[in-house]
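Just the heavy atoms: all of them, side chains too, but no hydrogens, waters or symmetry mates, feed the values below.
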Amino acid sequence: MRLAHAPLRVSIGAFILNSGLGKRTLEGQAAAAMHGMAVGAIPQLEQYDPDRFAKLLSRAEIALGAALIAPFVPSLLAGAGLAAFGAGLVQLYLRTPGMREGTSLRPSQAGIGLAKDVWLVGAGLTLVLDSLTRRR
């Protein structure tokens with residue numbers, strides 16, 4: 001990890017790691033609500049039981065958060081994971097009814113929490129692009 005990447009990786013990694021740790025015990029209605037929202041954006045996720053989905057999401061967030069924090073994980077790999085994760089959240093924002101004002105990209109009050117996740121895509125792509133351009 002380049003020293004210049006450390007603030008970005010550690011701050012985002014700690015946030016995502018904390019989110020994953022918080023989801024470890026999700027079950028029942030909370031897991032079903034999260035699963036239902038995800039299925040609305042990505043119908044293929046319907047094949048997973050809500051409790052199983054919550055556990056898989058928790059593990060994925062823990063793994064991504066840890067990868068971002070760990071200095072031995074290359075920024076190219078950590079950035080690609082972050083960009084993919086962020087893209088999934090942006091897809092959730094774009095496909096969930098009520099998250100946007102009409103047909104525009106502007107978030108509704110309910111959508112602000114998801115719309116802000118576009119910064120994860122930008123941060124991930126920054127890590128990837130910096131890694132690729134530094135190799136030249």
Would you say the side chain of Lys23 lies within less than 4.5 Å of the side chain of Arg59, judging by non-hydrogen atoms?
no
Walk me through it: do Leu17 and Ile62 pass the test side-chain contact (heavy atoms from CB on, under 4.5 Å)?
CA-CA 5 Å; Leu17 178 61; Ile62 290 169; 3.8 Å; yes
Assess whether side-chain contact (heavy atoms from CB on, under 4.5 Å) is satisfied between Leu94 and Leu105, documenting all intermediate values.
CA-CA 8 Å; Leu94 293 173; Leu105 291 176; 3.6 Å; yes
Is there side-chain contact between Leu56 and Tyr48, with heavy atoms separated by less than 4.5 Å?
yes
Are more than 12 heavy atoms, taken from residues, nucleotides or ligands other than Gln47, located less than 6.0 Å from that residue's CD atom?
yes
Taking Arg24 for its side chain and Leu21 for its backbone only, find out whether a donor-acceptor pair lies under 3.5 Å.
yes
Looking at Thr133 and Asp130, would you say the former's side chain and the latter's main chain have a donor-acceptor pair under 3.5 Å?
yes
How about Glu46: does its CD atom have over 12 heavy atoms from other parts shown lying under 6.0 Å from it?
no
Step by step, work out the side-chain contact (heavy atoms from CB on, under 4.5 Å) result for Phe85 and Ile16.
CA-CA 10 Å; Phe85 180 71; Ile16 293 173; 4.3 Å; yes
Output yes when a side-chain donor or acceptor of Glu61 lies under 3.5 Å from a complementary backbone atom of Ser58, and no otherwise.
no
State, to 0.1 Å, how close Asp51 and Gly28 come at their nearest heavy-atom pair, and which atoms those are.
OD1-N, 3.0 Å
Go through it in stages, so that I can follow the logic: the residues are Ser75 and Arg2, the test is side-chain contact (heavy atoms from CB on, under 4.5 Å), and I'd like the CA-CA distance, side-chain angles, deciding distance and then a yes or no.
CA-CA 8 Å; Ser75 288; Arg2 292 187 52 230; 5.6 Å; no
Taking Leu45's backbone N and O only, do any of them form a donor-acceptor pair with His35's side chain (distance below 3.5 Å, no angle check)?
yes
Under the 3.5 angstrom rule, does the side chain of Arg9 hit a backbone N or O of Ala67 as a donor-acceptor pair?
yes
